[in-house]
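Every value quoted in this text rests on a predicted model; they were computed, and no experiment measured them. Reckoned from all heavy atoms, side chains included, excluding hydrogens, waters and symmetry mates. We count ligands from 1, going down the list as the structure has it; atoms in each ligand are counted the same way.
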Amino acid sequence: MSRTRVIKIVFYSLLIAATSMILRSFMSSMSKIPVQTSTSKHAIVVGSGIAGLTAASQLVARGLPVYLLERSAKPGGNSIKASSGINGAPTKYQPGPPFSDKSFYEDTVKSAGAVISIARKQRESLISTLTNSSTDAVSWLVDNKGIDLSVVAQLGGHSFPRTHRGAGQTPPGASIVLTLLKSLKESPLFNLETSCQVTKVLKDGSDVTGVQYSCDGQVKVLHGPIVFASGGFGGDAEGMLAQYRPDLAGFPSTNDPRHGSQSLLTEVGAQLLDMDLVQVHPTSFLDPKDVSNPVKFLAAEVLRGEGGLLLRTGKRFINEMETRKNVTDAITKVAANSVSPRQWEVELVLDEGVYNNASSHIDFYVWKGLMRKTTASELGVEAQSSIEEYAKAAAGHIVDPFGREYFGHWKLRDVLPDSVVYVGLITPAVHFTMGGVIISPHSEVLDASSKPIKGLWAAGEVTGGIHGENRLGGSSLLECVVFGKIAGEQAANYLEGI
Ligand SMILES: Cc1cc2nc3c(=O)[nH]c(=O)nc-3n(C[C@H](O)[C@H](O)[C@H](O)COP(=O)(O)OP(=O)(O)OC[C@H]3O[C@@H](n4cnc5c(N)ncnc54)[C@H](O)[C@@H]3O)c2cc1C
Ligand SMILES: *[C@@H]1O[C@H](CO)[C@@H](O)[C@H](O)[C@H]1NC(C)=O
Ligand SMILES: *[C@@H]1O[C@H](CO)[C@@H](O)[C@H](O)[C@H]1NC(C)=O
Ligand SMILES: *[C@@H]1O[C@H](CO)[C@@H](O)[C@H](O)[C@H]1NC(C)=O
């Protein structure tokens, strides 16, 4: 017998002994678990936002083991920050006669706009999957998971109130993330590995077979079907954002500052679309205590909508009621106040009338140090006279030079040096990336010939095609739940050979 042969035999017998030992202890520790088709099979989910947690929940509900890999130390992604809520129509919480809301699909198609980067039919079937499944998605969270989503608001672009959140203090993103995570952690089938970054998707021929990942420098490999739920690239200011939208390079974001992971999928044949379609929010706060932090807090739209005005070096420069895009363009037309992050300094000014209409928001911002209560004179002579002119327009004494017609709850008439105002500094920030990998309505990642890549599904902001030019508020959490469930279900079928 050759020496290498001996080494091989010794090696393999050791391997078999070790494997059977591990298997035996594994089986005995699993003996309390309900019957499973096979303990050696498991699925892999990449990303622990709402899309990944939903997919993992679906797999665990099917009795299948799942490994959830998350590069951050803490799970939840950008999902944990979502504050407006999740869309559903029709639901039992919507006001008005039951089932009156039939226009969610039409509103979404309209908002997606004219850009047709995939076949119209393909986009429309993604949208109808999204909207048709919205009733079930909300009821799964409420009735199956016990999450409170009883308060419904109407956001811009929606014909009816359909964005659901809870009645308590916990924002909807956090309550969904924390509840799904808690319920997953109760199952021995669930394995969460944080601080573990997926670095490569492995392929055998045309099938995806697993991932390579790195946990604190230690490289590991896992085999199994994969659900990719790695989120968008809004926080990748110098990377993907600079690549696809050079005009937005270096912008601050409401997202965490992390690299996009879409390239891991294109390396195995996935296709991208709409990568240049990026939602920018015109008003996010500069925190005076931490001005250059690239992560920003949103200043709610109501502040502007219900009477707030914008000042640049003490002067107004736009009708604040124009679209998000127009307001952003007006702010970014002049040179930025800082390059890293690339941001501007615009004052958002409110009076006590606006305060009274939005006090819950404003109290929070004041508490956070993002807004302060002060007097008109403290803002300087120029600002005080701009506020005076605005107040005259609001009172109907003059025509607003910028064409503003609606002044909301602004009530200050005679602007005096000691008139009370609330003020915060704002800048535009990147909020959401509409583009991503192309999926089928079954969440399959499609290749260049529009064929599903076997063993690979995707859900959430990492995907593109549903929102087109503009995502409706509340529809990204919805896509996470709808396509996360589909992806989990599909991966489970694949594991079970269905
Ligand atoms: C402040 C804020 C408020 C918002 N409010 C709303 C709202 O009210 N309603 C709404 O519908 N939408 C809202 N959105 C948008 C919505 O929150 C996101 O689009 C959505 O949560 C994305 O979920 P996701 O699961 O796809 O990704 P995420 O929640 O971002 O999770 C992706 C996870 O994948 C991990 N990951 C990425 N790459 C890798 C890798 N290679 N290896 C391992 N892990 C990786 C990331 O670290 C991250 O944790 C808001 C967004 C922000 C920032
Ligand atoms: C969604 O529902 C409508 C109306 O019932 C139906 O015509 C459409 O085919 C459905 N779409 C999907 C993807 O199930
Ligand atoms: C936004 O700007 C465009 C181009 O200047 C203009 O045509 C449009 O009317 C503006 N939108 C609003 C709501 O004012
Ligand atoms: C603020 O004003 C709007 C529009 O006038 C109104 O619908 C809303 O109920 C008001 N909110 C509060 C808290 O006063």
Side-chain angles (χ1 to χ4, degrees), residues 45-55 68-87 102 105 124-133 153-155 163-165 171-173 176-177 193-201 211 213-215 228-236 253-256 258-265 279 281 284 295-298 302 305-307 353-361 406 408-409 429-434 436 441-442 458-463 467 471-481 483-484:
V45 176
V46 182
S48 64
I50 291 177
L53 292 170
T54 303
L68 179 52
L69 308 179
E70 167 58 55
R71 66 183 165 189
S72 304
K74 279 196 183 146
N78 284 302
S79 298
I80 205 163
K81 303 202 270 187
S83 50
S84 305
I86 178 167
N87 294 334
K102 293 206 170 76
Y105 173 81
E124 289 177 357
S125 80
L126 287 173
I127 296 177
S128 77
T129 302
L130 179 83
T131 56
N132 283 14
S133 314
Q154 180 166 357
L155 305 186
T163 308
H164 297 63
R165 65 175 198 276
I176 297 172
V177 164
E193 295 197 30
T194 51
S195 302
C196 287
Q197 171 150 6
V198 171
T199 50
K200 194 176 172 56
V201 176
V211 292
Y213 63 110
S214 159
C215 310
F228 237 82
S230 54
F233 59 93
D236 195 359
S253 176
T254 56
N255 293 17
D256 291 339
R258 297 202 188 95
H259 297 299
S261 286
Q262 278 81 352
S263 61
L264 297 177
L265 296 175
Q279 215 166 53
H281 207 288
S284 66
V295 186
K296 305 294 187 201
F297 243 89
L298 277 190
V302 293
E306 292 303 337
V354 183
Y355 170 80
N356 288 330
N357 183 253
S359 58
S360 61
H361 284 103
Y406 179 73
H409 297 267
V430 170
H431 187 47
F432 184 84
T433 50
M434 266 76 74
H442 298 299
E461 199 174 335
V462 69
T463 70
H467 307 292
R471 167 189 70 99
L472 287 176
S475 278
S476 42
L477 295 192
L478 177 62
E479 83 173 306
C480 289
V481 174
F483 291 97

Once you restrict to heavy atoms under 4.0 Å, what part of L264 touches ligand 1? Side chain, backbone, both or neither. side chain

Backbone or side chain, does any N or O of H431 fall under 3.5 Å from an N or O of ligand 1? no

Any N/O pair A459/ligand 1 closer than 3.5 Å: no

I'd like a table of the close N/O pairs between ligand 2 and the protein (anything under 3.5 Å), one pair per line with both atom names and the distance.
unit_1	atom_1	unit_2	atom_2	d
ligand 2	2 (O)	N132	OD1	3.2
ligand 2	2 (O)	N132	ND2	2.3
ligand 2	11 (N)	S128	OG	3.1
ligand 2	11 (N)	N132	ND2	2.9
ligand 2	14 (O)	N132	ND2	3.4

With rounding to the nearest 0.5 Å, note down the distance linking CD in Q197 to CG in L69. 11.0 Å

Which atoms form the tightest heavy-atom contact between Y213 and V198, and what is the distance? CB-CA, 3.7 Å

With a cut-off of 4.0 Å, which atoms of ligand 1 are near a heavy atom of S72? 47 (O)

At under 4.0 Å between heavy atoms, which part of A82 makes contact with ligand 1: side chain, backbone, both or neither? both

With sequence neighbours left out, write down each residue that passes ring-ring contact (aromatic ring centres under 6.0 Å, His included) with H164, or none if nothing qualifies. none

Indicate yes or no: does an N/O atom of G232 lie under 3.5 Å from an N/O atom of ligand 1? no

Point-to-point distance, once rounded to the nearest 0.5 Å, from OG of S214 to CZ of R71: 12.5 Å

So between H164, K81, R71, R165, whose heavy atom ends up nearest atom 43 (C) of ligand 1? R71

Taking the side chain as every heavy atom from C-beta outward, state whether V201 and V46 have any atom pair closer than 4.5 Å. no

Backbone or side-chain N or O of C480 under 3.5 Å from ligand 1 N or O: no

When only distance counts, is G85 in polar contact with ligand 1, meaning an N/O pair under 3.5 Å? yes

So which heavy atom in the protein is nearest atom 8 (O) of ligand 1, and how far is it from that ligand atom? S84 N, 2.7 Å

Proximal atoms of ligand 1 relative to G460 (non-hydrogen, under 4.0 Å): 26 (O)

Tell me whether ligand 1 is touched by R471 - counting only heavy atoms on the residue side and a distance under 4.0 Å. yes

What protein heavy atom sits nearest atom 27 (O) of ligand 1, and how far away is it? G231 CA, 3.4 Å

Here the gap from T254 atom OG1 to H431 atom NE2, rounded to the nearest 0.5 Å, amounts to 4.5 Å

Specify side chain, backbone, both or neither for Y213, according to which of its non-hydrogen atoms lie closer than 4.0 Å to ligand 1. neither

Spell out, as yes or no, whether a donor-acceptor pair under 3.5 Å connects the side chain of E306 to the backbone of N357. no

Looking at N255, which atoms of ligand 1 are within less than 4.0 Å of one of its heavy atoms? 53 (C)

For N356 and ligand 4, does the shortest N/O to N/O distance drop below 3.5 Å? no

Nearest heavy-atom contact between S284 and K296 is OG-CB, 3.6 Å

Residue, atom and distance of the protein heavy atom nearest atom 47 (O) of ligand 1 read E70 OE2, 2.6 Å

Are any side-chain N or O atoms of E479 and backbone N or O atoms of L130, one a donor and one an acceptor, separated by less than 3.5 Å? no

Out of all atoms in ligand 1, which are within 4.0 Å of some heavy atom of I50? Include the element for each. 25 (O)

Kindly determine whether E124 and Y105 satisfy side chain to side chain contact (heavy atoms under 4.5 Å, CB included), including the steps that lead there. CA-CA 9 Å; E124 289 177 357; Y105 173 81; 3.3 Å; yes

List the atom of A153, the atom of R165, and the distance in Å for their closest heavy-atom pair. CB-NH1, 3.9 Å

For the atom pair CG (N78) and CG (N255), what is the distance rounded to the nearest 0.5 Å? 4.0 Å

Sub-3.5 Å N/O-N/O distance, A51 and ligand 1: yes

For the OG1 atom of T463 and the CD atom of Q262, what is their distance to the nearest 0.5 Å? 9.0 Å

What residue and heavy atom of the protein are closest to atom 42 (N) of ligand 1, and at what distance? V198 N, 2.9 Å

In short, P75 meets S48 closest at the heavy-atom pair CA-OG, 3.1 Å

What are the atoms of ligand 1, with element, lying closer than 4.0 Å to any heavy atom of G76? 29 (O)

Restricting to non-hydrogen atoms, name the atom on S72 and the atom on T194 that form the minimum distance, rounded to 0.1 Å. O-CB, 3.4 Å

Part of P75 within contact of ligand 1 (heavy atoms, under 4.0 Å): neither

Do S475 and H467 have side chains that get closer than 4.5 Å, going by heavy atoms? yes

What do you reckon, does C196 put a non-hydrogen atom under 4.0 Å from ligand 1? yes

Would you indicate whether the side-chain heavy atoms of V481 and I50 approach each other to under 4.5 Å? yes

Closest non-hydrogen atom pair between L264 and F228, with its separation: CD1-CZ, 3.9 Å

Evaluating non-hydrogen atoms only, which member of G173, P172, S79 is closest to atom 29 (O) of ligand 1? S79

Can you tell me the protein heavy atom closest to atom 11 (O) of ligand 1 and the distance? L477 N, 2.8 Å

To the nearest 0.1 Å, how far is atom 39 (C) of ligand 1 from its closest protein heavy atom, and which atom is that? S261 OG, 3.5 Å

Rounded to the nearest 0.5 Å, what separates atom CG in D236 from atom CG in D256? 12.0 Å

Is there at least one pair of N or O atoms, one from H409 and one from ligand 4, spaced under 3.5 Å apart? yes

Under 3.5 Å between some N or O of ligand 1 and some N or O of Q197? no

Considering only the protein, which heavy-atom contact is closest to atom 22 (C) of ligand 1, and what is its distance? E461 OE1, 3.7 Å

Flag N78 as yes when one of its N or O atoms lies below 3.5 Å from any N or O atom of ligand 1, and as no otherwise. yes

For T254, the ligand 1 atoms with a heavy-atom partner under 4.0 Å come out as 53 (C)

Under 4.0 Å from a heavy atom of G47: which atoms of ligand 1 are those, numbered in the order shown and with their elements? 33 (C), 34 (O), 35 (C)

Check whether more than 12 heavy atoms from other residues, nucleotides or ligands sit under 6.0 Å from atom NZ of K81, and answer yes or no. yes

Number the atoms of ligand 1 from 1 as they appear, then name those within less than 4.0 Å of a heavy atom of S476, with their elements. 10 (C), 11 (O), 12 (N), 13 (C), 14 (N), 15 (C), 16 (C), 19 (O)

Does even one non-hydrogen atom of E479 get within less than 4.0 Å of ligand 1? no

Under 4.0 angstrom from ligand 1, any heavy atom of G234? no

